[in-house]
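First up is the structure itself, then whatever we jot down about it.
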Amino acid sequence: MDKANEHLDEKFLKPYDPTATEDEIYKLWEESGFFNPDECIKAGVTDKDAEKFSIVLPPPNVTGTLHIGHAVMLAIEDIIVRYHRMKGKRTLWVPGTDHAAIATQSKVEKILEKEKIRKQDLGREEFIKKVSQFAQESHDTIINQTKKMGSSLDWSREAFTLDKTREVAVRTAFKKMYDDGLIYRGDRIVNWDPKGQTTISDDEIVRKEEKGKFYYLKYGPFVIGTARPETKFGDKYVVMHPEDKRYAEYKDGQTIELEWINGPITATIIKDESVDMEFGTGVMTITPWHDSTDFEIAERHNLDKEQIIDKYGKLLPIAGEFAGMKIREAREKIIEKLAQKGLVEKTDENYVHNIATAERTEAVIEPQIMRQWFIDVNRKFKIKNSKLKGIKNEQEVSLKELMQHVVRSNQINIVPDRFEKTYFQWIDNLRDWCISRQIWYGHQIPVWYKENEIYVGVEAPTESGWTQDEDTLDTWFSSGLWTFSTLGWPEETNDFKNYHPTDLLETGYDILFFWVARMILMSTYLVGDIPFKSVYLHGLVRDEKGRKMSKSLGNIIDPLEVSEKYGADAVRLSLIIGVGPGSDSNMSENKIKAYKKFANKLWNISRFVIENTSDIEYTKDFSAYSPADKTIIDSQKEILKEVTEDIENYRLYLAGEKLYHYVWHEFADIILEESKNIFEKGTSEEIISRKNLLLNSLTNILKALHPFTPFVTEEIWQSLPQNKEKNILMVEKWPIV
RNA sequence: GGGCGAUUAGCUCAGUUGGCUAGAGCAACCCGUUUACACCGGGUAGGUCGGGGGUUCGAAUCCCUCAUCGCCCACCA
């Protein structure tokens, strides 16, 4: 090696090797303690009175491993967090995982199924042990993977939605809502999943198009249409619109005798405005136990409700000779019988309609009337401790109104803003939230019964004779508390006082309703404040042809695998650049490869600068720049200013692209190339000026790129001869104010 | 039924508030390896910015309309 370059680390003579350095660098950060804002203050890298920036990690489900969607989330959040940390803010990013009740339980059930074990064989306690064990293993994998992506999370504050602290939060929340009359137990129509044997919320339903038959049946003097003859056994009400002239001769409450599936019955005429006169014959019979529209009609007119189908999707004795049959097989047979009796008017063979299925089990939902726990979203209550703008303390509001108000009044800002429309549309149609689940894994409902008494509390009653409600809570109940339960609420902890409300919530647009809306509900109600100021929504990562990644297509890109191959920095850049907020992106290995080259380019740029500046002292505020170099500095400042603005406005894709372009096609291709000329032919003033320019530019570039490509920039920073104290780039100051 | 988005080079996509000859990566073709980098440099080719209409001094960008594709929501029996 050249004597003048003896300070150049030998590793610069080889291409940049991410696998050899990334783990070491992460360790360096972790051991510095600087992921934790308290440590930053202690070490004097952050001012104790500095502005705070806080964000919670959307907790990944402990159902297995991280996928590319998680990688996008981690990349975006880490960029923003590192940026704010370098801006000198007290920056906190709280990690955690989600127990994901139904998802995790059914995953374990599937594993047990292979060993021919049913959860009933194990019993509740044993089964939960198995699930917890699985959850722990998933957790460990996930944490490890999260670190590989370079995420600068404060691990000392890690939380789990099902741990002890969060249980206190959940129970406190439940009790408060119960006491305020916002949680009630009622016999209401719910979405029953016959396969999963549990209720699910409206949002866990996936509608699938199905082509089936639509039957027109003679019902006394009427003709009724149905796709589900198997529910018709108990139908003894026939409903029509009060203004339908075709049926003017029939009066509300009038009874008629008619022949039906299993013999003669008495039917009652009901007039209700919810009937669509245009649809079919304008007449329908109702099945209040198994249809929510029918249920509401029955409620309005105070009608009887009868159960026809049991929890397993089989017909009950009311079906007479069909009792015990599965609905699918019964359907054809019932039609056969009706046809024999001459009651089938006609059949439409190509009837296309949407059927409701359960997201997890894919089973067809059977609405049932069941005793379940609900959150009332319309009931008015007096809000306590309101810190919300436009909502006074003790003002009467409903949960729905709170959810609408904070977004409408811009206290919460959604990026991209077109999702605000989607948000309002969802809330406007929001019905009471069914929060009880008939599964074992999760927060058991904090309600105890003793004969006719009921007790709701954070702790179980101490006297004997009380039994706890068997059901568990919808997993989104606990994740709805996430922004403050992670900070120690309901205790008035320092973290809670210092870091809530959080500044940003970054997540996929697919859980806007599930999660974002629920956090807004919980936080405004329980804390009297918004959970976060901004919501940034990212899209889905698809394969290079724009298809969803799936096991069956074999097009899954495993973020860990490509990180090992090309480096986490390259993966991060490829997930960021060219992807605007809220839009889906296409990912390919080629794209990642291109950014791996970028990391290497930066590596070699650094080598060139270090080699050529070994003979000058590093001067931060060198002032004797040549006119040409002054121009370069100005344009560089301009770029950095734009990049800063882009990051502030969550345009990471632009910020990343600008830096990429500047570093490669401006700094390397033009500035470095012309420097060679200057070093050969320039005056000594020009040479000194240019050397200082290169050194100062490199430090600025490394700083500005650090949020995007933290590993390679830190690795170079650690090897800079000027960094004699081995300071850590992660906590250096951002190059532009 | 209601709402939202997309349509730009062979492929995958940028183009932030309307403004310099519309860009990037990959692919193709040509030239180049004397000391930062072949995980490289220089260059070439390739686009009537989905169709049509409008606003404007000026439109890929704003408005209207049509077409195709995609997504979300919804209790039409």
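Atoms considered below: every heavy atom in the structure, side chains included; atoms not considered: hydrogens, waters and symmetry mates.
B/rU44 and B/rC11 are spaced 23 Å apart, taking the P atom of each and rounding to whole Å. B/rA28 sits 35 Å from B/rC71 when the C1' atoms are compared, rounded to a whole Å. The gap from the C1' atom of B/rA60 to that of B/rG1 amounts to 33 Å, rounded to the nearest Å. With C1' as the reference atom, B/rG15 and B/rG47 are 14 Å apart, rounded to whole Å. The same atom, P, is picked in B/rG41 and in B/rC57; the two are 45 Å apart, to the nearest Å. With both ends at atom P, the span from B/rG32 to B/rG50 equals 40 Å, rounded to whole Å. Spacing of C1' atoms, B/rU33 relative to B/rA27, comes out at 23 Å, to the nearest Å. Comparing B/rC29 with B/rC66, their C1' atoms are spaced 40 Å from each other, to the whole Å.
Between A/E673 atom CD and B/rG43 atom C1' the separation is 15 Å, expressed in whole Å. For the pair A/E657 CD and B/rU16 P, the computed distance is 11 Å after rounding to whole Å. Atom P of nucleotide B/rC40 and atom CG of A/L602 are separated by 14 Å, given to the nearest angstrom. Between the P atom of B/rC37 and the OH atom of A/Y595 lies a distance of 24 Å, rounded to the nearest Å. One interatomic measurement links the two molecules: NZ of A/K597 to C1' of B/rA24, which rounds to 13 Å at whole-angstrom precision. Put simply, CD on A/E209 is 12 Å from P on B/rG70, counting in whole angstrom units. Regarding A/F598, its CZ atom lies at a distance of 18 Å from the C1' atom of B/rA38, rounded to whole Å. One atom, CG of A/L672, and another, P of B/rU35, lie 16 Å apart when rounded to the nearest Å.
Between A/Y216 and A/F214, the two ring planes are perpendicular [angle over 60°; tilted spans 30° to 60°]. Ring pair A/Y509/A/F419 is parallel by interplanar angle, where below 30° counts as parallel and above 60° as perpendicular.
Residues that satisfy the ring-ring contact (aromatic ring centres under 6.0 Å, His included) test with A/H241, not counting sequence neighbours, are absent from this structure. Looking at residues two or more places apart in sequence or on another chain, you find a salt bridge (charged side-chain N to carboxylate O under 4.0 Å, His left out) between A/E332 and A/K213. Under the side-chain contact (heavy atoms from CB on, under 4.5 Å) criterion, A/A71 pairs with A/M149, A/P559, A/L575, not counting sequence neighbours. Listed by chain and number, the residues in a side-chain contact (heavy atoms from CB on, under 4.5 Å) with A/E564 are A/K148 (sequence neighbours excluded). Not counting sequence neighbours, A/Y237 has no partner by the ring-ring contact (aromatic ring centres under 6.0 Å, His included) test. Taking the ring-ring contact (aromatic ring centres under 6.0 Å, His included) definition, one finds that A/W426 meets it with A/F513, sequence neighbours left out. Residues satisfying the ring-ring contact (aromatic ring centres under 6.0 Å, His included) test with A/Y660, not counting sequence neighbours, are A/Y595, A/F598, A/W664.
A salt bridge links A/R518 to A/D203: at least one charged side-chain nitrogen sits closer than 4.0 Å to a carboxylate oxygen. A salt bridge is defined here as a Lys NZ or Arg NE, NH1 or NH2 lying under 4.0 Å from an Asp or Glu carboxylate O, and A/D428 with A/K400 fails to meet this definition. A/R690 has a carboxylate O that lies under 4.0 Å from a charged side-chain N of A/E674, or vice versa, which qualifies the two as a salt bridge.
No more than 12 heavy atoms of other residues, nucleotides or ligands lie within 6.0 Å of CD in A/E561, so this atom counts as exposed by the packing criterion.
Nearest heavy-atom pair, A/T21 versus A/Y16, reported as atom, atom and distance to 0.1 Å: OG1-OH, 3.4 Å. The minimum heavy-atom distance linking A/W260 with A/I224 is given by the pair CH2-CD1, 4.1 Å.
Here A/K593 lies out of heavy-atom contact (under 4.0 Å) with every strand.
A/H301 places no side-chain N or O within 3.5 Å of a backbone atom of A/L303 that could act as its donor or acceptor partner.
At a cut-off of 3.5 angstrom, the base of B/rC37 holds at least one donor-acceptor pair with the side chain of A/K601.
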Go through it in stages, so that I can follow the logic: the residues are A/Y536 and A/H538, the test is ring-ring contact (aromatic ring centres under 6.0 Å, His included), and I'd like the CA-CA distance, side-chain angles, deciding distance and then a yes or no. CA-CA 7 Å; A/Y536 179 103; A/H538 65 253; 7.4 Å; no
Between protein and nucleotides 5-13 of chain B, map the contacts as a letter string: B base, S sugar-phosphate only, - none, heavy atoms under 4.0 Å, written 5' to 3'. S------SS
Does the protein touch nucleotides 72-77 of chain B at the base, only the backbone, or not at all? Give it as B, S and - per nucleotide, heavy atoms under 4.0 Å. -SBBBB
Could you spell out the base pairing of RNA chain B in dot-bracket, with Watson-Crick or G-U pairs whose two distances are under 3.5 Å, [ ] crossing and | to another strand? (((((((..((((.....[...)))).(((((.......))))).....(((((..]....))))))))))))....
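Sequence order on RNA chain B of the closest nucleotides to A/D646 and A/K596 puts A/D646 first from the 5' end.
At the phosphate of B/rA14, neither OP1 nor OP2 sits under 4.0 Å from any side-chain N or O atom of A/K658. At least one side-chain nitrogen or oxygen of A/Y653 sits closer than 4.0 Å to the OP1 or OP2 atom of B/rG15.
A cation-pi arrangement is not found for A/R572 relative to A/F708, the charged atom failing to lie both closer than 6.0 Å to the ring centre and inside a 45° cone about the ring normal.
Contacts between residues 659-669 of chain A and RNA chain B, defined by a heavy-atom separation below 4.0 Å, involve A/Y660, A/W664, A/H665, A/A668, A/D669, listed by number.
Nearest nucleotide to the A/L654 side chain, out of B/rC40, B/rA14, B/rC4: B/rA14.
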Protein N or O to nucleotides 18-22 of chain B N or O, pairs below 3.5 Å:
none

